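The structure appears below as structure tokens.
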Number of protein chains: 2
Amino acid sequence: MTFSEENYLKAIYHLTSHSNSGVSTNAIAEMMETKASSVTDMLKKLSDKDFVNYKKYQGVSLTESGKLEAKMIVRKHRLWEVFLVEKLDFSWDEVHEIAEQLEHIKSEKLINKLDDFLGNPTEDPHGDPIPDAKGRIIAIEKQLLSELVPHQSGVCVGVKDTSSAFLKYLDKQEIALGSTIDFISKETFDLSLKIKVDGKELTISNKIASNLFVKLL
Amino acid sequence: MTFSEENYLKAIYHLTSHSNSGVSTNAIAEMMETKASSVTDMLKKLSDKDFVNYKKYQGVSLTESGKLEAKMIVRKHRLWEVFLVEKLDFSWDEVHEIAEQLEHIKSEKLINKLDDFLGNPTEDPHGDPIPDAKGRIIAIEKQLLSELVPHQSGVCVGVKDTSSAFLKYLDKQEIALGSTIDFISKETFDLSLKIKVDGKELTISNKIASNLFVKLL
DNA sequence: TTTAATTTTTAGCTTTGTCTAAAAATAAAT
DNA sequence: ATTTATTTTTAGACAAAGCTAAAAATTAAA
Ligand SMILES: [Mn+2]
Ligand SMILES: [Mn+2]
Ligand SMILES: [Mn+2]
Ligand SMILES: [Mn+2]
């Protein structure tokens, strides 16, 4: 399995994880920042290897083996992110790029030992679940802060956007995983939210709220 | 810098580190398990990028920038080996292959943080020196056990052959880095050595002795 | 239901790194 | 000093992964 094949599987996995229907060539091309023609070429290759179900012009989906492969790459990515944050003291906005490289290291023994070394974490630094060695995922119920109604409270458990810009914004506002968030009121004009973060009042835009996952208290 | 370019630089570095004259195309081909024609192609590319001094038919050597690049790859390789052994509890015969992959991960910050996390080790699990962030190497004086004369004693500080087979043999004989070795006598017929390892008497072949580095007591 | 727009695929080209086979240069041996 | 052997380089081919431009299929619009 080449790096490129692994990256395509991962992209298809992420695109199909929420809407579990087939995914389009263009959607993959956009996510991978490549051209549709390149995607078509790769889909044929992945189809020959039985990692995807592909019929011309009809979108693509992962086979069971393709899904497992994808989950193992995601597992590696997220475990390495935990390592970088917990052991090497990286901040959560710096780890994604490095994990993009580390996720391609091939050694089952390595990743399982790393898993143990980290204490078998179930979530990565961004609150995303880490598949176990068999591909099982423990999904916690969480919802977007933007979907709450005033006077509800929750704990911040994840971010939807994991861009460095967004994560740095959260650092600046002192919003972190584990922060208690009380939803006070919503402004009807721009849908911005007045909230309390660990007791401290703050106003955030709806865009921010729709990228923050909370678990209701 | 591609993985392949990095591997060539590393090979040339290792081939020139002892005999610091130019190295032949064939020698590189043999070390990299590839063909001489492939080597020639790569040497042109590395020469264009000023990593090597290369003139047709006249062997090749590293430029200063090439040597520094090579050292940084060796640094990464050896630091990752320390990580695998010290933190993840791998044995010293398992780490080389994985380090061959990890040495290509690109992030200066990562490797320097890893270095600190490991306590800035100066040697890897096989006793080889780890270049620092600037490429400096602290060489300890050591010699092959096969070069000693009877009644000399030393501490085992390194291995020349790092193959899994050899390392497993040493494990079996309970010879490890740090073991005290007393050289008792040499058999004239086959040059085999009678030694004591931490007080326990043992006979080893000359081939073994010529792959063990000791520091004289 | 034709036409128009969009999406997807194909065809052909490029780069990287590899290979084999042949040619050229160097080294060794008569 | 030739001839022979070895080493090194070149020439040409191939697979992987990407691209552009054109063709084909599908979807949307008129
Ligand atoms: Mn990530
Ligand atoms: Mn993450
Ligand atoms: Mn090694
Ligand atoms: Mn080593």
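To find a chain, count down the sequence lines: A is the first, B the second, and so on, and within it residues start at 1. Owing to the predicted nature of the structure, the values given are computational and were not obtained by experimental measurement.
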All N/O pairs under 3.5 Å across the protein-nucleotides 23-25 of chain C interface:
from   : atom 1 : to      : atom 2 : distance (Å)
C:dA25 : O4'    : B:Tyr57 : OH     : 3.3

Over how many whole Å does the gap from [X] atom [atom1] to [N] atom [atom2] extend?
{"X": "B:Lys49", "N": "C:dG17", "atom1": "NZ", "atom2": "C1'", "result": "12 Å"}
{"X": "B:Asp48", "N": "C:dT15", "atom1": "CG", "atom2": "P", "result": "14 Å"}
{"X": "B:Leu9", "N": "C:dG17", "atom1": "CG", "atom2": "C1'", "result": "15 Å"}
{"X": "B:His104", "N": "C:dT16", "atom1": "NE2", "atom2": "P", "result": "18 Å"}
{"X": "B:Lys44", "N": "C:dT16", "atom1": "NZ", "atom2": "C1'", "result": "14 Å"}
{"X": "B:Glu6", "N": "C:dT16", "atom1": "CD", "atom2": "P", "result": "16 Å"}
{"X": "B:Ile28", "N": "D:dT9", "atom1": "CD1", "atom2": "C1'", "result": "14 Å"}
{"X": "A:Tyr54", "N": "C:dT10", "atom1": "OH", "atom2": "C1'", "result": "10 Å"}

Task: Counterpart residues, ring-ring contact (aromatic ring centres under 6.0 Å, His included), relative to A:Tyr169 (two or more places apart) - done: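 A:Tyr169: no ring-ring contact (aromatic ring centres under 6.0 Å, His included) contacts found.
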
Open item on the list: I'd like to check the ring-ring contact (aromatic ring centres under 6.0 Å, His included) partners of A:His77; sequence neighbours left out, ordered by chain and number.
Closed with: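 Scan of A:His77 (ring-ring contact (aromatic ring centres under 6.0 Å, His included), adjacent residues dropped) gives A:His96.
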
Open item on the list: Does D:dT10 have its OP1 or OP2 closer than 4.0 Å to a side-chain nitrogen or oxygen of B:Lys56?
Closed with: yes

Open item on the list: Is the phosphate of D:dT8 approached by B:Asn26 (side-chain N or O, under 4.0 Å from OP1 or OP2)?
Closed with: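 It does, given that an N or O in the side chain of B:Asn26 lies less than 4.0 Å from OP1 or OP2 of D:dT8.
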
Open item on the list: If we ignore hydrogens and angles and just use 3.5 Å, is the side chain of B:Thr63 paired with the main-chain N or O of B:Asp50 as donor and acceptor?
Closed with: yes

Task: Closest-nucleotide ordering on DNA chain D, the 5'-leading residue of A:Gln58 and B:Gln58 - done: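 Taking each residue's closest nucleotide, the earlier one in sequence belongs to B:Gln58.
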
Among all residues two or more places apart in sequence or in another chain, which pass the salt bridge (Lys or Arg N to Asp or Glu O under 4.0 Å) test with [X]?
{"X": "B:Lys109", "answer": "A:Glu94"}
{"X": "B:Asp128", "answer": "none"}
{"X": "A:Lys207", "answer": "none"}
{"X": "B:Lys67", "answer": "none"}

Is there any protein nitrogen or oxygen under 3.5 Å from a nitrogen or oxygen in nucleotides 16-21 of chain D, and what are the pairs?
from   : atom 1 : to      : atom 2 : distance (Å)
D:dA17 : OP1    : A:Thr2  : OG1    : 2.5
D:dA17 : OP2    : A:Lys45 : NZ     : 2.4
D:dG18 : OP1    : A:Ser4  : OG     : 3.3
D:dG18 : OP2    : A:Ser4  : OG     : 3.4
D:dG18 : OP2    : A:Tyr8  : OH     : 3.4
D:dC19 : OP2    : A:Thr34 : OG1    : 2.6
D:dC19 : OP2    : A:Lys35 : N      : 3.2
D:dC19 : OP2    : A:Ser38 : OG     : 2.6
D:dT20 : O4     : A:Ser37 : OG     : 3.0

- [ ] Kindly indicate whether a cation-pi arrangement holds for A:Lys87 with B:Phe83, taking the cut-offs as under 6.0 Å to the six-membered ring centre and within 45° of the axis.
- [x] no

Could you pull out all donor-acceptor pairs under 3.5 Å where a side-chain atom in residues 7-14 of chain B meets a protein atom, sequence neighbours excluded?
from    : atom 1 : to       : atom 2 : distance (Å)
B:Asn7  : OD1    : B:His104 : NE2    : 3.0
B:Asn7  : ND2    : B:Phe3   : O      : 3.4
B:Lys10 : NZ     : B:Glu100 : OE1    : 3.1
B:Lys10 : NZ     : B:Glu100 : OE2    : 3.0
B:Lys10 : NZ     : B:Glu103 : OE1    : 3.3
B:Lys10 : NZ     : B:Glu103 : OE2    : 2.8
B:His14 : ND1    : B:Lys10  : O      : 3.4

Task: Terminal helix-axis angle for the helix from C:dT1-D:dA30 to C:dT30-D:dA1, with five pairs defining each axis and rounding to 10 degrees - done: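 Here the helix ends are tilted 10° relative to one another.
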
Task: Residues in side-chain hydrogen bond (donor to acceptor under 3.5 Å, both in side chains) contact with B:Asp48, at least two apart in sequence or another chain - done: none

What pairs of donor and acceptor atoms, side-chain ones from residues 140-148 of chain B against any protein atom, are under 3.5 angstrom apart with sequence neighbours left out?
from     : atom 1 : to       : atom 2 : distance (Å)
B:Glu147 : OE1    : B:Leu144 : N      : 3.3

